[in-house]
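Below is one structure, written out as structure tokens, with a few remarks after it.
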2 protein chains.
Amino acid sequence: MSTVETADADSGGSLHQRILSDISEKILSGAWAPGHRIPFEHELTTEYNCSRMTVNKALSQLAKAGLIERRRRSGSFVRRPQSQAAVLELHDIRIEVEALGLPYRYERLEQLKRRSNAEDRALLGLSAAGSVLWIEGLHFAGQRPFALEQRLINLSAVPEAGDEEFLEIAAGPWLIGRVPWSEAEHRIRAMAADKAIADALDIDPGAPCLVVERRTWSAEHPVTHVRFIYPAESHTLVARFTPSHG
Amino acid sequence: MSTVETADADSGGSLHQRILSDISEKILSGAWAPGHRIPFEHELTTEYNCSRMTVNKALSQLAKAGLIERRRRSGSFVRRPQSQAAVLELHDIRIEVEALGLPYRYERLEQLKRRSNAEDRALLGLSAAGSVLWIEGLHFAGQRPFALEQRLINLSAVPEAGDEEFLEIAAGPWLIGRVPWSEAEHRIRAMAADKAIADALDIDPGAPCLVVERRTWSAEHPVTHVRFIYPAESHTLVARFTPSHG
DNA sequence: CGTTTCAATATGTATATACATAATCGCCGT
DNA sequence: ACGGCGATTATGTATATACATATTGAAACG
């Protein structure tokens, strides 16, 4: 009955991708509740008019992603969802520094408007080329470098930024209030300082650093990618959570 | 001529699983640095004496896990570390490891019941003395240490934990489900590995590590303090969120 | 000299097929 | 009724094969 030509979400072009997305749509929308047995491979085979390997690839991925559970001889079943989201609060660096009782200062090191290259697009999550603004600057706590900031701004999303000179105020505070962000993603990792970073932060090359990268979107449009590099001694991130409902 | 019969790690029985785990071992150990081109599919085909589909399955999974990047006509390359480590949620290391497609294992190193000293009380946020349980253990991804765990449990809050032997399951999963946590706090920082940590994680002393500390409360009572130490190469925390949590 | 075209190449996807493995159902004998 | 055992079934893994697609490098061309 339910043939497939009408499928709306073509999320990757490939057939197994579409099978996967069709099924996860059913699960995430609640149409197929936890415990529901999804069609057997051979049924999907005839429904999508494809080979079992193709169906198997989709179902295997769903199983690995934890959306379904597969049992030999019995079939595949929708699993109970079990993720626990949490909120991470990251402070503005000025506030962090001032909370330490130290005078805050920002100093721009470099600023450059250019056409986005492949790496820029990867960082921002852009598919097409366009103008970007690259800024590097240093946050000081007293006399001491507190964090190095490397920022990329998508000028297609925020053209006004192209006319600004971020000499003594960082682009972060400027962006907030001008561009309402709808989503953000943080990546946090440790890294050994290379020579350039060590020089900027006045630490030894090879010393451990905390790296926080943040990507921000405003209504699906990538706005900015920023990387903060902290000397390990100077920084600890604090994130507070309260549990969410299961 | 490097045939495979000598391979040590038989991680899942299936061939593509072993290929996957062999390669990720090379990457996580640093033997194949970021940017390194891994063998072509047809080369692995002859090395493992199997079909291209089998190799392809392993490499596709590695690509989906984010360990490698595949480029048509050019080959497959080790990506900069960003072990697609789920969302910064309840920090279950088993899930992180399995998301990489690697077999997970936990091994207890040390366990000790004692009366809390001043440092214990500071870590847990206790005002009065009492019994605590100290546990140190290692989380493995395949053959490789993935994270070192140092945990302190407040036995006044969770007396049953005193009768447990956390030999092959970490205390984290055990605590969840037994003790409903009401609040948690994370501290994230970078650190250079000292000798003991370097030994445990099989990395060089002084190498940068990511340290995630988590304190958990249940109805105002401190429950546990845990410290996870990751080699920098193997880990990136990812936290994603939206501003107004409807 | 720059541009266009084309063939080579590695990956991406899909096929039909085969056999292994685990779990279940139902038959059977005691 | 009961327990065991084989047949059935769905998934798990692997194969050889085929063609699509993206990208590179080099040859051909204006």
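Just so it is clear: chains get the letters A, B, ... in the order the sequence lines come, proteins before strands, and each one is counted from 1.
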So, with a heavy-atom separation below 4.0 Å from DNA chain C, the residues of residues 50-62 of chain A are A:C50, A:S51, A:R52, A:M53, A:T54
With A:F228 via ring-ring contact (aromatic ring centres under 6.0 Å, His included) - residues at least two apart: none
For A:P205, give me all partners under side chain to side chain contact (heavy atoms under 4.5 Å, CB included), at least two apart in sequence or on another chain. A:A198
Applying side chain to side chain contact (heavy atoms under 4.5 Å, CB included), name anything that partners A:S116, two or more places apart in sequence or on another chain. A:D120, A:R121, A:A129, A:V132
Which letter, B, S or -, goes with each nucleotide of nucleotides 23-28 of chain D from 5' to 3', with contact meaning a protein heavy atom under 4.0 Å? BB----
In whole Å, I'd like the distance from the CZ atom of B:F40 to the C1' atom of C:dA8. 13 Å
Verify the neighbour count for atom CD of A:E119: are there more than 12 heavy atoms of other residues, nucleotides or ligands below 6.0 Å? no
Nearest whole Å is fine: how far is C:dT15 C1' from A:L44 CG? 17 Å
Roughly how many Å is it from CD in B:E43 to P in C:dT11, rounded to a whole number? 9 Å
Which residues pass the side chain to side chain contact (heavy atoms under 4.5 Å, CB included) test with A:Q61, not counting sequence neighbours? A:H16, A:Q17, A:L20, A:K57, B:K64
Length of the CG-P vector between B:L20 and D:dT13, whole Å: 12 Å
Who are the ring-ring contact (aromatic ring centres under 6.0 Å, His included) partners of B:Y106, not counting sequence neighbours? B:H139
Using the six-membered ring of B:F166, assess whether NZ or CZ of B:R108 lies under 6.0 Å from its centre and within 45 degrees of the ring axis. no
Scan for salt bridge (charged side-chain N to carboxylate O under 4.0 Å, His left out) pairs involving residues 35-46 of chain B, sequence neighbours excluded, and state none if there are none. B:R37-B:E43, B:E41-B:R52, B:E41-B:R70
Whole-Å distance, B:E41 CD to C:dG12 P, equals 7 Å
A:R18 has an atom CZ; how far is it from atom C1' of C:dT13, in whole Å? 14 Å
Expressed in angstrom and rounded to an integer, what is the separation of A:Y48 atom OH from C:dT13 atom C1'? 17 Å
Please enumerate all residues that pass side chain to side chain contact (heavy atoms under 4.5 Å, CB included) together with B:R73, with sequence neighbours excluded. none
Mind calculating the distance between CD1 (B:I38) and P (C:dT11) to the nearest angstrom? 8 Å
Give a yes/no answer on whether the side chain of B:S14 brings an N or O atom under 4.0 Å of OP1 or OP2 in D:dG12. no
